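What follows is a set of notes on a single structure, which appears directly below.
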Amino acid sequence: MAFSHIGVLVFLSSCMVAYGGNFYQDFDLTWGGNKAKIFNRGQLLSLSLDRESGSGFQSKREYLFGRIDMQLKLVAGNSAGTVTAYYLSSQGPTHDEIDFEFLGNVTGQPYILHTNVYAQGKGGREQQFYLWFDPTKNFHTYSMAWTRDHIIFLVDNTPIRQFKNAESLGVPYPKNQPMRIYSSLWNADDWATRGGLVKTDWTQAPFTAYYRNFNAQTATVGKLSNGAWQKQELDAYSRRRLRWVQKNFMIYNYCTDYKRFPQGFPPECRL
Ligand SMILES: *[C@@H]1O[C@H](CO)[C@@H](O)[C@H](O)[C@H]1NC(C)=O
């Protein structure tokens with residue numbers, strides 16, 4: 001297991017520079033006043049949500065390609081109605097975005113991990129998953145590996161989704177707009193839980209999610225121009241893991257939603 005993604009990792013690290021994370025240095029608390037907190041000399045961050053408001057933070061820096069890792073421990077117990085959003089986004093009406101969203105659930109029922117990709121303001125590329133562990137018991141690592149060729153979403157180093165650059169098919173791809181890292185914990189009981197069926201149980205508030213071990217590996221400017229950066233691919237083991245997740249844990253894929261696309265699927269679905 002320890003060797004699971006060495007192929008990918010070695011390749012990625014060979015053309016990237018790593019920064020060890022410190023929340024004070026790397027992030028600003030941007031929403032929710034003292035409901036967002038940094039502890040342990042910058043090593044731990046928490047967001048909480050109560051009736052009054054949620055909370056959030058954003059990275060000080062912007063990133064244009066790279067691999068972003070963060071460990072999250074999600075709201076435990078009855079988290080139905082809460083959403084923990086963790087994403088990369090640029091600014092403006094034609095923004096790009098790479099999303100993880102964790103939709104809470106009643107005690108003992110599974111979270112949904114919702115993913116999406118926006119390019120030049122257009123999203124609608126949802127894939128949703130159950131996880132193969134309880135994401136509230138321990139910290140787990142959620143990563144985005146973003147190159148010119150693809151965006152790979154990873155959970156504990158297992159790829160769960162690959163969004164390929166389909167510009168050759170006329171599909172816009174995020175590659176020009178630097179993005180910041182954002183996270184927020186908010187109440188979405190109007191849609192998150194089966195279309196608003198289950199309401200947030202405010203007697204359980206405050207709801208709290210924890211973050212640690214942020215790491216960003218980004219291309220150095222010089223290396224960006226060389227071709228190596230563009231040839232990273234999943235190795236055979238990673239492709240098997242990806243298929244395992246997609247077969248056993250994927251619960252929604254826009255690329256197989258016939259009702260939604262009666263006239264045919266978006267072009268990138270062919271890849
Ligand atoms: C909550 O649990 C139910 C029952 O297992 C499941 O159908 C649903 O997908 C889960 N997630 C959310 C966000 O409702």
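None of these values were measured; they are calculated from a predicted model. Excluded from the calculations below are hydrogen atoms, water molecules and symmetry mates; all remaining heavy atoms, backbone and side chain alike, are included. Both counts, for ligands and for their atoms, begin at 1 and track the order of listing.
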Check: How about E97 and Y182: does a side-chain donor come under 3.5 Å of a side-chain acceptor?
Finding: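 Not at all, the side chains of E97 and Y182 share no donor-acceptor pair under 3.5 Å.
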Item checked: D156 side chain to T158 side chain, donor-acceptor N/O pair below 3.5 angstrom ->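 No.
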Notebook entry, point to check: Under 4.0 Å from ligand 1, counting heavy atoms only, is it the side chain of P110, its backbone, both or neither?
Noted result: both
Checklist line | Members sharing Y118's hydrophobic cluster (side chains within less than 4.5 Å) | finding: none
Checklist line | Among V198, V106, N105, closest by any non-hydrogen atom to atom 3 (C) of ligand 1 | finding: N105
Item checked: Nearest neighbour of atom 5 (O) of ligand 1 from the list H114, Q109, Q128, on a heavy-atom basis -> Q109
Check: If you count the atoms of ligand 1 from 1 in the order shown, which ones are under 4.0 Å from a heavy atom of Y130?
Finding: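 Per the distance check, 6 (C), 7 (O), 8 (C), 9 (O).
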Checklist line | Numbered atoms of ligand 1 (with element) below 4.0 Å of G104, judged on heavy atoms | finding: 13 (C)
Notebook entry, point to check: Is the backbone of Y24 close enough, under 3.5 Å, to the side chain of N22 for a donor and an acceptor to pair up by distance?
Noted result: yes
Next item on the list: With sequence neighbours left out, write down each residue that passes salt bridge (Lys or Arg N to Asp or Glu O under 4.0 Å) with K164, or none if nothing qualifies.
Entry: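 Salt bridge (Lys or Arg N to Asp or Glu O under 4.0 Å) list for K164, sorted by chain: empty.
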